[in-house]
Amino acid sequence: MGYLSTSESSCIIYYSCLALLSRHPGPDVRSQWEEERYPEGIKWKFLEHKGPVFAPPYEPLPENVKFYYDGKVMKLSTKAEEVATFFAKMLDHEYTTKEIFRKNFFKDWRKEMTSEEKSTITNLSKCDFTHMSQYFKAQSEARKQMSKEEKQKIKEENERLLKEYGYCVMDNHKERIANFKIEPPGLFRGRGNHPKMGMLKRRIMPEDIIINCSKDSKIPPPPPGHKWKEVRHDNKVTWLVSWTENIQGSIKYIMLNPSSRIKGEKDWQKYETARRLKKCVDKIRNQYREDWKSKEMKVRQRAVALYFIDKLALRAGNEKEEGETADTVGCCSLRVEHIKLHPELDGQEYVVEFDFLGKDSIRYYNKVPVEKRVFKNLQLFMENKQPEDDLFDRLNTSILNKHLQDLMEGLTAKVFRTYNASITLQQQLKELTNPDDNIPAKILSYNRANRAVAILCNHQRAPPKTFEKSMMNLQSKIDAKKEQLADARRELKSAKADAKVRRDEKSKKTVESKKKAVQRIEEQLMKLEVQATDREENKQIALGTSKLNYLDPRISVAWCKKWGIPIEKIYNKTQREKFAWAIDMAEEDYEF
DNA sequence: AAAAGCACTTAGAAAAGCTAGA
DNA sequence: TCTAGCTTTTCTAAGTGCTTTT
C-alpha cells in the first residue's frame, strides 16, 4: 500500500505545520495552508477502511431458562425471546417501572411475536422475566470469576478486532477509528422524560449500511451472503460508515478518534475562533447593551438572549419537534414558565430565577441579578403570555446566528461557551495558583479553576453512589496520618534531647533522619487533605466535559510548563493523544 | 421562509480496567 | 493474592448549525 507512511512520521509533519502556524498566525498563512491541502470543503483525498464490526448474533437461551406468562411456563420464539432478554437484562433498573417505558416496550415486543404469542401475551404485568434475569446475573458473575487465561483470551480477541477494524488510512495517515462497532440491538434508553423510552432499537444489518471510502481504495467486502446498502465516495464528509437508526430516524456515523488529524485540526480551529471573539467581545457587549433600548422588539429579544448566552454560558436552544424528544430547552427556546422575575430578592435588585431542563435533561437552576434594562425587557417579553409560551417569540437560533455572523466571521452562539470557558480557566489559573505551593496544592488550584468552568457550563453528575463511604474512608486515613505525625514529632523531640546530652555524630544523624520522617509525613498528610477538599468540592460536578470540549488545551499546557507540573498530572493518556497538537504547540507564555 | 435532512460536537451513565492496601 | 474503590474507556443520546428541499 503505497499511501501508508508510518503514523508517527506523518504526525510530525502535521504538528509542525500547526506549530508553525501558531507562531505566525496571520489569516493569509492559515487559509493558504488550508487551501493547499483541502480546497473548499474537501476533507480527504484517500480513505480506506475495513468497514464496521457487527453486533454478535443472538444466542438463544438454554432450555432450562424459563419465561413465565400468567404463572405458566411459556417457550418463546427466537425473535420474541431476544427482545424479552433485553427487558430482562434491565429488570433492576428503575426504567422498567416507568409506564411509558413499559408501554413502548410492550408495543414493540408484540411486533416481534408470532401470532400465537401475540394472542396469549396481552398483559406485560403477567410476564415474569425474573428467571431470565437471574440467569444473566449468574452469567456476568461467571464472567467475573473467569480464570486469568480465559480473560487473557478475550483481551487478545478484542485486540485482534481493534487491530483489524479499529484503524483506517486517511490520506497519508493511519488513524484510529472512534466507534468501529455497530450499536447492538436493545431497548432505547432516552435521558430524562423521553417519550420513546423502551422502544426496540432494531438490529443493524449490512443492508442498512452505507460505506464511504475513496474510489481507489480497497472497498470493504460485506459479510458473506450480504450486501451493503450503498458504497459512496464522498470526500466532502469525514465519516466512514453510516446507517439510519429506527427510533428517531436520525443518521448514525462511524468517525475517527479525537487523536486523528481531521478532528485535531477542527478542534484547534474551534479555539482559534474563540480567540478571535476575545478580540471583539467588548464591542459586541457594548452593541447588545445598546440593542436593549432598540425600538424593534426582535432586536431587543436578540440582545437579551445574547446577554444570557454570554453571561450565563447558556446553549443556543434550537427548536425541537414536540413529542419526539424529552422537553428540554436552551436560550432561544426558553419559555415564560422557565424564569421568575424578582424586583428584589435577598437584598439584591432585579433578580432573574432560572429553572429549566437543559441538554440531557440536566436541571439549570440559578438566581442571577441582571441590569435594570434587561429586567424591564423581560417583563415586557412576558406581558400577556401564558407560561407555556416562548419567552423570545420573535427569535430563534437561526436569526441569532445570522446576526452573530455579521458581527464576526464564523461567530455562532456556541462560540461564547468556548470563549467564556477558556477565558475563565485562564483567569482562574492566574488568580488561584500560588507560586510557593507544592505540586499537589497547585494541582488542587488547577482543579478549582476547572471547577469554576464546569459550574459556569452547568456540567453536573449524579453524586457517586459510594460518595459518603469513600469520604469517610479518606477521613479515617487522614486521622491515622495525623496520629502518625504526632508520633514522629514526639520521636524527633526525644532524639533532639538525646543529641543535646550525648553530643556525638550518631545521635545527630538520628535527629536528621527523624526530621526527614516528620517532613515526609507532613507532606503525605497535606496530600490527603488536599484530596479530601478536592473530592468534597467535586461531589456533583463533572470536570471531564469542559476539559475535553471547552478549555483551550494550550492554556493548560502553558500552565504546566510555567509551574513545572508534569503534563501527565493534568491529562491522562487519551487526553494527551487528543491534545497532542496543543502539547506540541504551546509554550509557557501562551495567552488564550 | 419554513421544514427536513445531514454532519458534526458535546454529554453523562455505565462498563471495564487498574492498583493500593488488606 | 484479592478486592474495594478509584480512573479510564466505551457507549450512544442529545445537542448545534449548516445545507437542501419543499
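In what follows, chains carry the letters A, B, and so on, assigned in the order in which the sequence lines appear, proteins first and then strands, with residues in each chain numbered from 1.
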**Student:** Would you say a side-chain N or O of A/N318 is under 4.0 Å from OP1 or OP2 of C/dT16?
**Tutor:**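 Yes, because at least one side-chain N or O of A/N318 sits under 4.0 Å from OP1 or OP2 of C/dT16.
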**Student:** Using whole Å, report how far NZ of A/K320 lies from C1' of C/dG15.
**Tutor:**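 After rounding, the gap between these two atoms is 8 Å.
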**Student:** Look at all strands and tell whether A/Y550 reaches a base, only sugar-phosphate, or nothing, counting heavy atoms closer than 4.0 Å.
**Tutor:**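 Contact class for A/Y550: sugar-phosphate only.
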**Student:** Between P on C/dG15 and CG on A/L357, what's the gap in Å once rounded to a whole number?
**Tutor:**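 It is 10 Å, rounded to the nearest whole Å.
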**Student:** Using whole Å, report how far CD1 of A/I204 lies from C1' of C/dC11.
**Tutor:**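 Between C1' of C/dC11 and CD1 of A/I204: 15 Å.
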**Student:** Before you tell me yes or no, could you show the steps for A/R302 and A/H403 under side chain to side chain donor-acceptor pair (under 3.5 Å), namely the whole-Å CA-CA distance, both residues' side-chain angles and the distance that decides it to 0.1 Å?
**Tutor:** CA-CA 9 Å; A/R302 200 178 66 192; A/H403 171 64; 3.3 Å; yes
**Student:** Using a heavy-atom cut-off of 4.0 Å across all strands, would you classify A/T328 as base, sugar-phosphate, or nothing?
**Tutor:**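 It contacts sugar-phosphate atoms only.
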**Student:** Sequence neighbours left out, what passes ring pair (Phe, Tyr, Trp, His ring centres under 6.0 Å) with A/F416? Give chain and number order.
**Tutor:**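 With neighbours one apart ignored, the set is empty.
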**Student:** Restricting to ring pair (Phe, Tyr, Trp, His ring centres under 6.0 Å), what partner residues turn up for A/Y571, sequence neighbours left out?
**Tutor:**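 Once residues adjacent in sequence are excluded, the partners of A/Y571 under the ring pair (Phe, Tyr, Trp, His ring centres under 6.0 Å) criterion are A/F579.
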**Student:** Under 3.5 Å between N/O atoms: give me all the protein pairs with nucleotides 18-22 of chain C, atom names plus distance.
**Tutor:**
none

**Student:** Have a look at A/I570 and tell me which of A/R576, A/K547, A/Q575 forms a side chain to side chain contact (heavy atoms under 4.5 Å, CB included) with it.
**Tutor:**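 With A/I570 as partner, A/R576, A/K547, A/Q575 yield a single side chain to side chain contact (heavy atoms under 4.5 Å, CB included), made by A/K547.
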**Student:** Apply salt bridge (Lys or Arg N to Asp or Glu O under 4.0 Å) to A/D327 and list each qualifying residue two or more places apart in sequence or on a separate chain.
**Tutor:**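 Listed in chain order: A/R335.
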**Student:** Could you tell me whether A/G544 contacts a base, only the sugar-phosphate backbone, or nothing, with contacts defined as non-hydrogen atoms closer than 4.0 Å?
**Tutor:**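 Touches nothing.
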**Student:** Which is true for A/A326 with a 4.0 Å heavy-atom rule: it touches a base, it touches only sugar-phosphate, or it touches nothing?
**Tutor:**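 Result for A/A326 = nothing.
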**Student:** Does a donor on one side chain and an acceptor on the other come within less than 3.5 Å for A/N458 and A/Y365?
**Tutor:**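 Not at all, the side chains of A/N458 and A/Y365 share no donor-acceptor pair under 3.5 Å.
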**Student:** May I ask you to check whether A/F54 and A/W243 place their ring centres under 6.0 Å from each other?
**Tutor:**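 Distance test on ring centres: not under 6.0 Å, no.
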**Student:** Given the ring of A/F101, does A/K98 sit roughly above its face, with NZ or CZ under 6.0 Å from the centre of the six-membered ring and within 45° of the axis?
**Tutor:**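 Negative - A/K98 is either too far from the ring of A/F101 or too far off its axis.
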**Student:** Regarding A/K359, tell me which of base, sugar-phosphate or nothing describes its non-hydrogen contacts under 4.0 Å with the strands shown.
**Tutor:**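 The answer is base, as A/K359 lies within the cut-off (heavy atoms under 4.0 Å) of a base atom.
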**Student:** Residues from residues 191-202 of chain A sitting under 4.0 Å of DNA chain B, heavy atoms only?
**Tutor:**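 Correct list: A/R191.
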**Student:** Taking any heavy-atom pair under 4.0 Å as a contact, classify A/E245: base, sugar-phosphate, or nothing.
**Tutor:**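 A/E245: no heavy atom of the nucleic acid under 4.0 Å.
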**Student:** Round to a whole Å and report the spacing from CZ of A/R315 to P of C/dA14.
**Tutor:**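 After rounding, the reported distance stands at 13 Å.
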**Student:** Excluding sequence neighbours, so at least two apart, what forms side chain to side chain donor-acceptor pair (under 3.5 Å) with A/E94?
**Tutor:**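 Partners of A/E94 under the side chain to side chain donor-acceptor pair (under 3.5 Å) test: none.
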**Student:** Not counting sequence neighbours, which residues clear ring pair (Phe, Tyr, Trp, His ring centres under 6.0 Å) with A/W44? List them please.
**Tutor:**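 Checked A/W44 against ring pair (Phe, Tyr, Trp, His ring centres under 6.0 Å); zero matches.
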**Student:** Nearest heavy atom decides the nucleotide; on that basis, is A/D267 or A/E321 closer to the 5' end of DNA chain B?
**Tutor:**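 The 5'-side residue here is A/E321.
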**Student:** So, A/E272 and A/R275, do they make that salt bridge, N to O below 4.0 Å?
**Tutor:**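 Looking at A/R275 together with A/E272, the answer is yes, because their closest N to O distance falls below 4.0 Å.
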**Student:** Between A/S242 and A/R417, which is nearer to the 5' end of DNA chain B once each is assigned its nearest nucleotide?
**Tutor:**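 Here A/S242 is the residue nearer the 5' end.
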**Student:** By the 4.0 Å heavy-atom rule, please label A/P258 as base, sugar-phosphate, or nothing.
**Tutor:**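 No contact.
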**Student:** According to salt bridge (Lys or Arg N to Asp or Glu O under 4.0 Å), who are the partners of A/R202, at least two apart in sequence or on a separate chain?
**Tutor:**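 Expected list: A/D208.
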**Student:** If each of A/G317 and A/R189 is mapped to the nucleotide of DNA chain C with the nearest heavy atom, which maps nearer the 5' terminus, i.e. the 5' end?
**Tutor:**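 It is A/R189 whose nearest nucleotide is closer to the 5' end.
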**Student:** For A/R363 and C/dA14, give me the distance from atom CZ to atom P, rounded to whole Å.
**Tutor:**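 From A/R363 CZ to C/dA14 P: 20 Å.
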**Student:** Once ring pair (Phe, Tyr, Trp, His ring centres under 6.0 Å) is applied, do any residues pair with A/F136, and if so which ones, sequence neighbours excluded?
**Tutor:**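 Not a single residue meets the ring pair (Phe, Tyr, Trp, His ring centres under 6.0 Å) criterion with A/F136.
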**Student:** 5'-most contact on DNA chain C: A/T325 or A/A178, nearest heavy atom basis?
**Tutor:**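 That would be A/A178.
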**Student:** Return the value, rounded to whole Å, for the distance between atom CZ of A/F180 and atom C1' of C/dT12.
**Tutor:**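 After rounding, the reported distance stands at 15 Å.
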**Student:** Within the structure shown, what part of the strands sits under 4.0 Å from A/K43 by heavy-atom distance: base, sugar-phosphate, or nothing?
**Tutor:**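 Sugar-phosphate, no base atom in range.
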**Student:** Just to verify, which of A/R363, A/R191, A/K320 counts as forming a side chain to side chain donor-acceptor pair (under 3.5 Å) with A/T328?
**Tutor:**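 Of the listed options, the one satisfying the test is A/K320.
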**Student:** Going 5' to 3' along DNA chain B, between which two nucleotides do contacts with chain A fall, using a heavy-atom cut-off of 4.0 Å?
**Tutor:**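 Range of nucleotides touched by chain A: B/dC6 to B/dA14.
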**Student:** Could you note down all residue pairs passing ring pair (Phe, Tyr, Trp, His ring centres under 6.0 Å) where residues 183-204 of chain A supplies at least one of them, sequence neighbours left out?
**Tutor:**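 Those involving residues 183-204 of chain A are A/F188-A/H194.
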**Student:** Please tabulate the protein-to-nucleotide N/O contacts below 3.5 Å involving nucleotides 4-9 of chain C, giving atom names and distances.
**Tutor:**
unit_1	atom_1	unit_2	atom_2	d
C/dG5	OP1	A/N473	ND2	2.9
C/dG5	OP2	A/K469	NZ	2.9
C/dC6	OP1	A/R535	NH1	2.9
C/dC6	OP2	A/S470	OG	3.1
C/dT9	OP1	A/T574	OG1	3.0
C/dT9	OP2	A/T574	OG1	2.0

**Student:** Calculate the interatomic distance between A/I362 atom CD1 and C/dG15 atom C1'; express it in whole Å.
**Tutor:**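 Roughly 13 Å, once rounded to whole Å.
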**Student:** From CD of A/E183 over to C1' of C/dA13, roughly how many Å is that when rounded to an integer?
**Tutor:**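 Atom CD in A/E183 sits about 9 Å away from atom C1' in C/dA13.
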